[in-house]
**Student:** 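One structure coming up, written as structure tokens, with questions to follow.
We name chains A, B, ... by the order of the sequence lines, and we start the count at 1 in each one.
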Protein chains: 2
Amino acid sequence: MQSRNTSARRAILELLQTCGCHLTVQEVYERVQPQLPSLNPSTVYRNLRFLVEQGSISVSDMGLGTPVYEALHAAPHHHLICEGCGHEIELSDGPVRALFAELEQTHHFEIITNHLVLFGLCPTCRQKGQDPESS
Amino acid sequence: MQSRNTSARRAILELLQTCGCHLTVQEVYERVQPQLPSLNPSTVYRNLRFLVEQGSISVSDMGLGTPVYEALHAAPHHHLICEGCGHEIELSDGPVRALFAELEQTHHFEIITNHLVLFGLCPTCRQKGQDPESS
DNA sequence: CTCCTTTTTGCAAATATTTGCAATAAGGAT
DNA sequence: ATCCTTATTGCAAATATTTGCAAAAAGGAG
């Protein structure tokens with residue numbers, strides 16, 4: 001026996017798998033607590049960390065100040081986030097996977113990271129930034 | 001006038017540029033405080049955030065539980081970190097830059113991320129993990 | 001050099017996150 | 001169904017990080 005299928009852990013994982021989206025610790029807590037009235041925030045923190053280590057979910061910094069958690073999909077994907085307006089663009093796995101494969105070969109490493117988040121500027125915000133003072 | 005060259009900001013940036021390594025908030029505070037006795041941790045947090053936004057330094061999650069800050073080098077580099085033993089491998093910028101360039105073209109995006117950290121397993125830890133129970 | 005405006009800072013009070021520990025509950029064995 | 005071992009939980013107390021606000025100090029203008 002090593003890890004136990006507790007109601008809290010089950011509820012948290014199910015929530016993430018069902019919603020299929022990115023959720024913050026707060027959001028997870030708020031959505032699970034109603035079904036498990038005595039749920040404590042620290043249990044949520046601990047379980048999220050556990051599920052990440054176990055590989056059932058991923059954590060990412062999407063620039064929100066607090067990390068977001070997401071169930072691992074069949075189809076991995078990545079994000080490009082605009083630092084100007086916050087706009088998120090979903091990236092296909094192909095090119096990223098190609099880089100990972102190359103790095104794995106070169107360094108005899110096995111890459112576990114499965115959700116890459118890159119920050120930058122979207123076309124619109126790039127223009128704004130380049131605009132000379134419009135006065 | 002927009003941003004001011006205060007002693008705290010100067011000291012923090014100089015520290016990072018001089019040491020040329022990754023430092024946590026704690027470490028920055030501990031090393032700058034002696035020279036600026038009245039320095040408050042919140043000032044360190046605020047300045048690190050400021051310097052990141054301004055583009056003078058970068059933040060990264062190296063898996064330590066708290067982010068690390070580093071002055072931006074002339075030669076950008078990235079890391080592969082082993083989740084088993086913590087070993088860090090430095091990656092050259094080439095292949096990563098190539099992916100970034102491809103993504104920038106495809107999405108008309110300008111990527112700002114300049115320090116990529118990927119997690120995985122080093123050759124040694126991979127073997128350990130694959131070993132059937134050695135009993 | 002003095003004055004003025006605005007950014008920064010220190011401090012204290014919020015929040016957020018982690019941790020220690022005793023009580024609870026999974027789940028295997030009997 | 002009962003007992004046992006040990007992973008998990010809740011709670012309270014540490015830590016870590018952010019925020020509001022009045023006081024301090026950059027830096028430009030006069």
**Student:** Select base, sugar-phosphate, or nothing to describe what Arg46(B) touches, counting heavy atoms under 4.0 Å on all strands.
**Tutor:** base

**Student:** Rounded to whole Å, how long is the line connecting atom CZ of Arg49(B) with atom C1' of dT7(C)?
**Tutor:** 15 Å

**Student:** Which is more 5' along DNA chain D, the nucleotide nearest Gly65(B) or the one nearest Leu39(A)? Just name the residue.
**Tutor:** Leu39(A)

**Student:** If only side-chain N and O atoms of Thr66(A) are considered, is one of them under 4.0 Å from the OP1 or OP2 phosphate oxygen of dA16(C)?
**Tutor:** no

**Student:** Whole Å only: how far is the CZ atom of Phe50(B) from the P atom of dA26(D)?
**Tutor:** 15 Å

**Student:** Would you indicate what Ser7(A) reaches in the nucleic acid, counting non-hydrogen atoms under 4.0 angstrom: base, sugar-phosphate, or nothing?
**Tutor:** nothing

**Student:** In whole angstrom, give the distance that lies between atom CG of Asn5(A) and atom P of dG28(C).
**Tutor:** 11 Å

**Student:** Want to settle it: does Ala8(B) or Pro41(A) sit nearer the 5' end of DNA chain C, counting the closest nucleotide to each?
**Tutor:** Ala8(B)

**Student:** Send over the distance from Glu30(A) CD to dT15(C) C1', rounded to a whole Å.
**Tutor:** 14 Å

**Student:** Whole Å only: how far is the CD atom of Gln26(B) from the P atom of dA14(D)?
**Tutor:** 18 Å

**Student:** Is Arg9(A) reaching over with its side chain to a backbone N or O of Asn47(A), donor-acceptor style, under 3.5 angstrom?
**Tutor:** no

**Student:** What is the distance, rounded to the nearest whole Å, between atom CG of Asn47(B) and atom P of dT8(C)?
**Tutor:** 8 Å

**Student:** Verify the contact: side-chain N or O of Tyr45(B) to OP1 or OP2 of dT17(D), cut-off strictly under 4.0 Å; return yes or no.
**Tutor:** yes

**Student:** Would you compute the distance between atom OG of Ser58(A) and atom CD of Glu70(A) and round it to the nearest 0.5 angstrom?
**Tutor:** 4.5 Å

**Student:** Return whichever of Ser3(B) or Val25(B) has its heavy-atom-nearest nucleotide of DNA chain D closer to the 5' end.
**Tutor:** Val25(B)

**Student:** Please determine whether a side-chain nitrogen or oxygen atom of Thr43(B) lies at a distance below 4.0 Å from atom OP1 or OP2 of dG10(C).
**Tutor:** yes

**Student:** Less than 3.5 Å apart, any donor N or O on the side chain of Thr24(A) or Gln26(A) sitting next to an acceptor on the other?
**Tutor:** no

**Student:** OP1 or OP2 of dT8(C) less than 4.0 angstrom from a side-chain nitrogen or oxygen of Asn40(B), does that happen here?
**Tutor:** no

**Student:** Would you please confirm or rule out a distance under 4.0 Å between OP1 or OP2 of dG10(C) and any side-chain N or O of Ser38(B)?
**Tutor:** yes

**Student:** Please check if any side-chain donor atom of His77(A) sits under 3.5 Å from a side-chain acceptor atom of Asp93(A), or the reverse.
**Tutor:** no

**Student:** Has the side chain of Arg4(B) got a donor or acceptor that lies under 3.5 Å from a partner of the other kind on the base of dG28(D)?
**Tutor:** no

**Student:** Please tell me if the side chains of Phe109(A) and Leu121(B) come closer than 4.5 Å, counting only heavy atoms from C-beta onward.
**Tutor:** no

**Student:** Looking only at side-chain atoms of Ser42(A), point me to the closest of dC11(D), dT17(D), dA16(C).
**Tutor:** dC11(D)

**Student:** Starting at atom CZ of Arg10(A), determine the distance to atom P of dT8(D), rounded to an integer number of angstrom.
**Tutor:** 13 Å

**Student:** Just the rounded figure in Å: distance from C1' of dA16(D) to CG of Leu64(B).
**Tutor:** 15 Å

